[in-house]
K.L.:
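One structure coming up, written as structure tokens, with questions to follow.
As the structure is a computational prediction, the values presented were derived from the model and not from experiment. For the single chain, residues carry numbers from 1 onward in sequence order.
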Amino acid sequence: MSENLKTIRELAEELGVSKQAIQYHIKYLTNKNRQTNDKGVVVLSHEEQLFIRSRVDKQTNKKQTNRQIKGKQIDKETNSRQTADKETTWSFTNYLRSELEAVKKNRDTQLAAKDKQIENKDSQISQMQNLLDQQQRLALQDKKLLEEYKAEIKELKSLNMPKQGSEKDDSIPKENSAENRVKEPQNKKWWHFGRRM
């Protein structure tokens with residue numbers, strides 16, 4: 001596996017371009033997380049190397065094509081480059097396909113997680129609705145019981161009212177006479193003992 005991995009410097013030397021040119025092409029790669037070796041140096045997988053090679057070859061082919069058009073020279077190197085360009089294009093499409101598959105797998109796992117979360121939220125919502133329904137039913141029952149108790153209390157008051165009125169009438173003279181007796185001694189103060197009123 002480590003044989004397929006190359007550093008940016010190794011790939012730049014192999015292709016005959018600068019490290020900055022490789023860095024420029026790396027930014028067009030789809031995955032943002034880069035692999036590193038044990039020294040912490042960024043390494044490129046075989047598919048990433050093929051992608052960068054195809055981009056570098058396209059640029060060098062454009063330069064050579066421009067020179068050949070000016071000089072109107074076509075030779076065997078151009079034909080071999082064209083076949084190499086087809087191969088790199090094929091490898092580029094393979095790279096893109098592998099990246100697309102990775103994105104699809106990631107998307108599928110994310111969607112599965114989201115579906116699970118949605119199901120969880122749905123069950124929570126249904127529980128909350130059941131609790132709310134129970135609370136409303138209990139509040140309605142409490143209200144009915146309260147109204148029934150109020151009606152019973154009114155009935156009891158209406159039944160007790162005449163009895164209480166007759167008892168009060170009977171008890172009032174008794175209380176008044178008892179109060180009168182108590183009041184009489186209270187009206188007499190010590191300075192009134194000698195006088196008659």
Side-chain angles (χ1 to χ4, degrees), residues 1-140:
M1 169 117 181
S2 62
E3 297 172 0
N4 293 336
L5 300 177
K6 291 186 180 179
T7 63
I8 294 172
R9 175 180 280 171
E10 291 171 350
L11 187 61
E13 289 173 358
E14 185 179 315
L15 295 176
V17 295
S18 66
K19 291 191 317 183
Q20 289 81 9
I22 301 297
Q23 289 285 355
Y24 173 77
H25 295 294
I26 285 176
K27 72 179 181 181
Y28 291 104
L29 292 171
T30 55
N31 56 348
K32 301 294 179 193
N33 296 332
R34 299 279 157 241
Q35 296 177 358
T36 57
N37 61 8
D38 55 349
K39 296 178 184 176
V41 179
V42 174
V43 290
L44 301 170
S45 69
H46 182 69
E47 294 162 344
E48 293 171 334
Q49 293 173 32
L50 291 175
F51 173 75
I52 292 172
R53 282 181 194 198
S54 68
R55 290 188 59 88
V56 169
D57 285 344
K58 284 181 184 178
Q59 286 184 346
T60 56
N61 280 342
K62 286 181 184 177
K63 291 177 183 175
Q64 286 183 355
T65 308
N66 289 338
R67 289 181 194 156
Q68 290 174 356
I69 291 175
K70 290 179 184 176
K72 295 186 180 179
Q73 297 175 358
I74 300 176
D75 59 351
K76 293 181 183 178
E77 288 183 19
T78 308
N79 290 336
S80 65
R81 290 235 181 234
Q82 288 174 351
T83 56
D85 190 32
K86 288 180 183 177
E87 290 176 4
T88 57
T89 304
W90 182 79
S91 65
F92 175 68
T93 56
N94 284 342
Y95 170 73
L96 289 178
R97 284 184 183 148
S98 67
E99 288 295 320
L100 185 62
E101 289 298 320
V103 167
K104 283 182 180 178
K105 287 179 184 176
N106 189 19
R107 180 200 61 192
D108 291 341
T109 56
Q110 286 178 349
L111 286 176
K114 296 294 180 191
D115 289 343
K116 199 172 197 178
Q117 289 175 352
I118 288 172
E119 288 175 10
N120 188 14
K121 294 296 178 190
D122 287 343
S123 66
Q124 288 176 352
I125 289 171
S126 65
Q127 287 176 347
M128 291 294 287
Q129 286 176 343
N130 288 339
L131 291 173
L132 183 62
D133 289 342
Q134 287 177 354
Q135 182 183 8
Q136 289 174 345
R137 278 190 237 122
L138 289 173
L140 186 62

K.L.:
Can you tell me how far CG of D57 sits from CD1 of I52, rounded to the nearest 0.5 angstrom?
P.N.:
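These two atoms lie 12.0 Å from each other.
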
K.L.:
What distance separates K114 NZ from K116 NZ, expressed to the nearest 0.5 Å?
P.N.:
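NZ of K116 is found 13.5 Å from NZ of K114.
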
K.L.:
Counting only heavy atoms not in Q136, do more than 12 fall under 6.0 Å of its CD?
P.N.:
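Yes, CD of Q136 has more than 12 neighbouring heavy atoms, counting only those of other groups under 6.0 Å.
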
K.L.:
For a quick test of reading the model, state the closest non-hydrogen atom pair linking S98 to E47 and the distance between them.
P.N.:
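Closest pair (atom of S98, atom of E47, distance): OG-OE1, 3.5 Å.
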
K.L.:
What's the shortest heavy-atom distance between S45 and L5, and which atoms?
P.N.:
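Smallest interatomic distance, heavy atoms only, reads CA-CD2, 3.6 Å.
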
K.L.:
Among residues at least two apart in sequence or on other chains, which ones pass side-chain hydrogen bond (donor to acceptor under 3.5 Å, both in side chains) with E13?
P.N.:
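Scan of E13 (side-chain hydrogen bond (donor to acceptor under 3.5 Å, both in side chains), adjacent residues dropped) gives none.
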
K.L.:
Within the distance-only criterion (no hydrogens, no angle test), does the side chain of Q49 pair as donor or acceptor with the backbone N or O of L44 below 3.5 angstrom?
P.N.:
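Pair found, side chain donor or acceptor close to backbone of L44.
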
K.L.:
Compare every heavy atom of E10 with every heavy atom of K6, then report the nearest pair and how far apart it is.
P.N.:
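Answer, listing the atom of K6 first, then E10: CA-OE1, 3.3 Å.
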
K.L.:
Supply the atom-to-atom distance Y24 OH to S18 OG, rounded to the nearest 0.5 angstrom.
P.N.:
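The distance works out to 12.0 Å.
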
K.L.:
Could you tell me the separation between the CG atom of L131 and the CE atom of M128, rounded to the nearest 0.5 Å?
P.N.:
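Going from the CG atom of L131 to the CE atom of M128 covers 6.5 Å.
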
K.L.:
Please lay out, stage by stage, how I26 and I8 fare under the test side chain to side chain contact (heavy atoms under 4.5 Å, CB included).
P.N.:
CA-CA 9 Å; I26 285 176; I8 294 172; 3.6 Å; yes

K.L.:
Supply the atom-to-atom distance N120 CG to I125 CD1, rounded to the nearest 0.5 angstrom.
P.N.:
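Output value for this atom pair is 10.0 Å.
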
K.L.:
Just how far is it from atom CG of N94 to atom NE2 of H46, taken to the nearest 0.5 Å?
P.N.:
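Here the interatomic distance stands at 9.5 Å.
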
K.L.:
For a 4.5 angstrom cut-off between non-hydrogen side-chain atoms, does R53 reach L11?
P.N.:
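Yes, their side chains come closer than 4.5 Å.
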
